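See below for the structure under consideration.
Predicted model only: the values in this text are computed from it and were never measured. Just so it is clear: chains get the letters A, B, ... in the order the sequence lines come, proteins before strands, and each one is counted from 1.
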Amino acid sequence: MLAQDRAAAGAQMPLLAHLNPEQRAAVTLPAGHALILAGAGSGKTRVLTTRIAWLLQTGQAAPGEILAVTFTNKAAKEMLTRLSAMLPISVRGMWIGTFHGLCNRMLRAHHKLVGLPQTFQILDAQDQLSAVKRLLKAHQVDEEHHPPRQVAWFINGCKEEGLRPDAVPAPNDETRQRVELYRLYEAQCQREGVVDFAELLLRSYELLRDHAPVRAHYQRRFAHILVDEFQDTNRLQYLWLKQLAGDVVDGQFTPRGSVMAVGDDDQSIYAFRGARVGNMQDFVREFAVGQQIKLEENYRSCSNILDSANALIAHNSRRLGKNLRTARGPGEPVRIHEAESDLMEARWLVDEIRQLAADGMARQHIAVLYRSNAQSRALESQLFNAGVPYRVYGGLRFFERAEIKHALAYLRLLENPHDDTSFARVVNFPPRGIGARTLEVLQDAARAAGCSLWDAVSSVGGSAGTKLGGFVALVEVMRERSSGQSLRAIIEQVVEGSGLAGHYRQDKEGEDRLDNLKELVSAAESFVMQEGFGRDAVALPVDETAALTQSPVSQGVDPDAPMGGPQLDAAAGETLSPLVAFLTHAALEAGDNQAQAGQDAVQLMTVHASKGLEFDAVFICGLEEGLFPHENAMADQGGLEEERRLMYVAITRARKRLYLSHAQVRMLHGQTRYNMASRFFDELPEGALKHLTPQRRSAGSFATDYRAYSERQSRVSGGFDLDYSSLGSAGLPARKEAPAHGITQGAQVFHTKFGEGRVLAIEGQGEDARAQVAFTRHGTKWLALAIAKLTLVE
DNA sequence: CGATAGGATTTTTTT
DNA sequence: AATCCTATCG
């Protein structure tokens with residue numbers, strides 16, 4: 001049967017009734033590998049969930065044969081929710097979750113094979129950084145030369161490429177040293193029984209790669225694999241998928257099973273953290289994908305908005321090619337506003353928002369998007385002053401708060417005292433007179449003996465009388481008191497017993513923190529209620545195996561045993577304690593990163609955070625050269641294209657109304673900056689736009705009309721101490737002389753020592769004038785124009 | 001040992 | 001401007 005016929009036949013099914021032909025074709029594809037190019041707002045999640053439902057309903061798959069992978073817990077939950085609304089049957093048995101969640105599950109099940117304790121703890125980014133710092137200190141590595149952040153970044157980068165230290169190419173000394181640190185870091189983690197995020201994936205990949213029976217089992221089991229947001233996968237995630245859906249023999253890959261990858265290359269905005277859009281092309285080639293379906297019908301935006309998005313993204317090369325269309329009318333034009341300053345931009349925005357609200361638009365359907373978090377402050381203060389309720393996304397999440405991390409560290413120590421990260425975190429918190437000196441001695445002892453800090457206590461004379469000994473005794477007492485207790489009782493007991501509660505009661509500003517600690521108890525309570533210790537599909541660390549297998553099989557895989565069978569899935573019989581399950585949950589799902597669950601509040605967030613959301617009205621602020629596109633993104637090839645995709649994502653969030661704004665003057669990092677309008681303005685179709693302020697030149701037209709820009713630049717520079725509010729948008733102040741040096745923002749310049757570069761920003765005047773120049777070969781530098789010999793290049 | 005002052009350091013971020 | 005980290009002082 002041809003795809004069309006099948007789709008037509010399927011139209012009878014209520015499940016498929018509300019799908020358009022493209023969507024229906026995707027949902028009803030025959031088994032085999034497929035790539036679905038799903039444009040923004042084209043019903044991607046709907047297709048994914050309906051596909052699963054359809055597979056089950058037509059009897060092509062049993063729930064246990066389905067694996068669906070997402071990036072965020074939110075997406076996984078969303079899928080599960082929609083699915084259970086669609087299906088009468090239980091979703092139990094399906095593996096639906098994040099890459100990390102699923103890998104965690106596999107590792108718990110096969111912990112012995114991969115050489116981990118079943119109760120291994122997971123390091124989040126913070127934990128990892130402090131682990132690296134400890135490592136550097138222990139090995140007396142110069143932090144100037146190897147900044148902890150960069151070392152961590154290097155290690156994660158290697159892991160995400162699927163490389164262990166031995167396999168990392170090290171062309172120079174610098175890299176060789178980092179590889180050595182990577183090696184030491186691994187040893188440290190292994191000794192402590194902890195695993196970072198990237199390690200979850202890498203170990204899980206190696207488990208599949210190196211243990212044929214396990215691989216065969218999961219390959220058989222997951223006859224249908226679905227991957228969401230495929231454009232965001234990194235190399236390791238792709239390798240992991242290949243293990244699950246094919247065999248690699250002598251470097252030759254033979255696909256098997258059925259993988260449906262859903263993604264949108266135009267919405268790839270995470271290349272900066274290792275995402276590889278190229279995986280889409282590789283997937284098509286290596287899996288010999290026969291079926292590619294494009295979902296180009298957009299159900300979200302009016303055509304002026306969509307046309308703008310299409311026109312913008314058309315400026316990118318290397319696209320798979322896709323054009324969104326909508327059946328909705330043109331709608332309103334895209335409104336463009338130029339403000340004198342960031343402050344005026346915020347004021348204008350507040351006025352506009354009030355107007356929208358007065359016209360009946362719900363505030364929660366209005367979003368204000370910006371490129372970087374630093375921009376939110378100015379916006380917030382204006383909204384606050386005007387009394388407009390708002391809600392900011394981003395920032396610390398619940399399980400990342402210091403007091404919560406402290407409490408979790410104590411809990412982790414109960415479970416595994418050799419977790420040095422946790423030990424170091426709370427050994428002197430609340431303060432109990434154990435200082436840096438003592439710790440240093442302890443750390444040296446631990447390193448010399450090759451043991452954990454915990455075990456080293458006795459060797460530095462940490463008997464019961466000493467402060468260190470007291471700490472050890474305290475933890476041991478808490479552990480004893482915890483045995484046999486409910487999770488709630490354990491946490492309450494630890495919060496009190498550790499002295500955390502007492503400490504924050506003393507602190508006059510500790511009230512919020514105390515509340516959060518109480519909240520931790522409720523979080524644990526509801527975790528126990530909802531997840532039944534994680535036996536549920538999303539958050540569950542250990543899978544359904546406990547339910548599947550009655551007989552206590554203590555180890556996951558016996559290579560000689562017949563392949564398949566549920567016992568391969570997990571170490572049944574070994575149920576995780578509620579505490580370990582909860583700690584895992586805390587690490588893998590750090591909680592909401594949105595502020596107070598506001599009633600009817602305007603939503604503020606970065607463009608990145610807005611991905612996947614939609615709003616009636618969207619404001620995109622700070623559309624200036626250097627900010628959006630961000631100057632730091634321009635350093636490498638492809639940086640501008642990623643910025644453009646980011647802009648594309650931002651535009652396509654809007655349903656009915658879209659505002660784009662920029663400011664001439666902006667305070668950034670405590671400095672006044674004069675920015676040109678973003679080049680993205682020049683990439684939008686004039687017919688879809690409406691300029692709310694008199695039009696001026698933006699960056700893109702700069703090269704062709706240097707004089708006009710130079711006039712403007714000098715004009716703005718002249719307004720240094722002006723009250724911006726007095727600068728009406730129509731009334732231009734008197735023109736001032738152009739700077740004598742002739743160097744302007746955006747100009748191509750030459751320096752005798754650094755070579756060619758582009759001027760990113762200029763500040764100050766006369767003798768004090770300085771320019772920030774991005775040199776092609778020597779990075780970005782600030783140069784005093786009176787001193788540096790810069791010449792203009794045509 | 002702990003508090004405080006100075007200094008660097010600021011894209012985006014999930015797990 | 002604001003925050004986070006380090007070095008120094010009491």
Verify stack between A:Phe272 ring and B:dT12 base, 5.5 Å, 30 degrees: yes
Between B:dT13 and C:dC4 - P atom distance, rounded Å: 16 Å
Span that lies between the C1' atom of C:dT3 and that of B:dT14, in whole angstrom: 23 Å
A:Arg397 side chain near B:dT15 phosphate (N/O to OP1/OP2, under 4.0 Å): yes
A:Ser372 side chain near B:dT10 phosphate (N/O to OP1/OP2, under 4.0 Å): no
Nucleotide nearest A:Phe197 (side chain, heavy atoms from C-beta), chosen from B:dC1, B:dT11, B:dT15: B:dT15
Upstream residue (5' side of DNA chain B) when A:His630 and A:Asn428 are each assigned their closest nucleotide: A:Asn428
Span of DNA chain C in contact with chain A (heavy atoms, under 4.0 Å): C:dA1 to C:dT6
Selected nucleotide, minimal atom distance to A:His669 side chain, candidates B:dT15, B:dT13, B:dT10: B:dT10
Nearest-Å distance for atom pair CG/P, residues A:Leu588 and B:dT15: 9 Å
Side-chain N,O (A:Arg432) to OP1/OP2 (B:dC1) below 4.0 Å: no
Distance in angstrom units between A:Leu640 CG and B:dT12 C1', rounded: 15 Å
Touch class at under 4.0 angstrom, heavy-atom based, for A:Tyr270 against every strand present: sugar-phosphate
Stepwise salt bridge (Lys or Arg N to Asp or Glu O under 4.0 Å) check, A:Glu143 with A:Lys133: CA-CA 9 Å; A:Glu143 292 202 4; A:Lys133 282 182 185 163; over 6 Å; no
Separation of B:dT12 C1' from A:Arg653 CZ (nearest whole Å): 15 Å
Distance, rounded to the nearest Å, where A:Glu589 contributes CD and B:dT14 contributes P: 13 Å
Touch class at under 4.0 angstrom, heavy-atom based, for A:Asp196 against every strand present: nothing
A:Glu631 CD to B:dT11 C1', straight-line distance once rounded to whole Å: 10 Å
Under-4.0 Å side-chain N/O to phosphate OP1/OP2 contact, A:Thr606 with B:dT13: yes
Nearest non-hydrogen partners of A:Tyr370 and A:Ser376, listed with the distance: OH-CB, 3.4 Å
Listed nucleotide nearest any side-chain atom of A:Asn632, set B:dC1, B:dT13, B:dT11: B:dT11
A:Arg149 CZ - B:dT10 C1' separation (whole Å): 10 Å
Residue-phosphate contact under 4.0 Å: A:Asn373 side-chain N/O, B:dT13 OP1/OP2: yes
Side-chain (A:Gln382) to main-chain (A:Arg347) donor-acceptor, under 3.5 angstrom: no
Sugar-phosphate, base or nothing in reach of A:Ala436, heavy atoms under 4.0 Å: sugar-phosphate
Name of the residue among A:Leu623, A:Thr652, A:Val607 meeting side chain to side chain contact (heavy atoms under 4.5 Å, CB included) with A:Met647: A:Leu623
Parallel, tilted or perpendicular: rings of A:His608 and A:Phe272 (30°, 60°): perpendicular
Salt bridge present between A:Arg397 and A:Glu400 (N-O < 4.0 angstrom): yes
B:dT15 phosphate, OP1 or OP2, under 4.0 Å from A:Asn234 side-chain N/O: no
Base of B:dT14 and ring of A:His100 stacked, centres under 5.5 Å, planes under 30°: no
Distance below 4.0 Å between A:Asn104 side-chain N/O and B:dT15 OP1 or OP2: no
Aromatic plane relationship, A:Trp240 with A:Phe99 - under 30° parallel, 30 to 60° tilted, over 60° perpendicular: perpendicular
Nearest heavy-atom neighbours spanning A:Leu627 and A:Ser372: CD2-OG, 4.1 Å
Length of the CD-P vector between A:Glu642 and B:dT13, whole Å: 12 Å
Salt-bridge contact A:Glu415-A:Arg412 (side-chain N to carboxylate O under 4.0 Å): no
Separation of atom CZ in A:Phe230 from atom C1' in B:dT14, rounded to whole Å: 18 Å
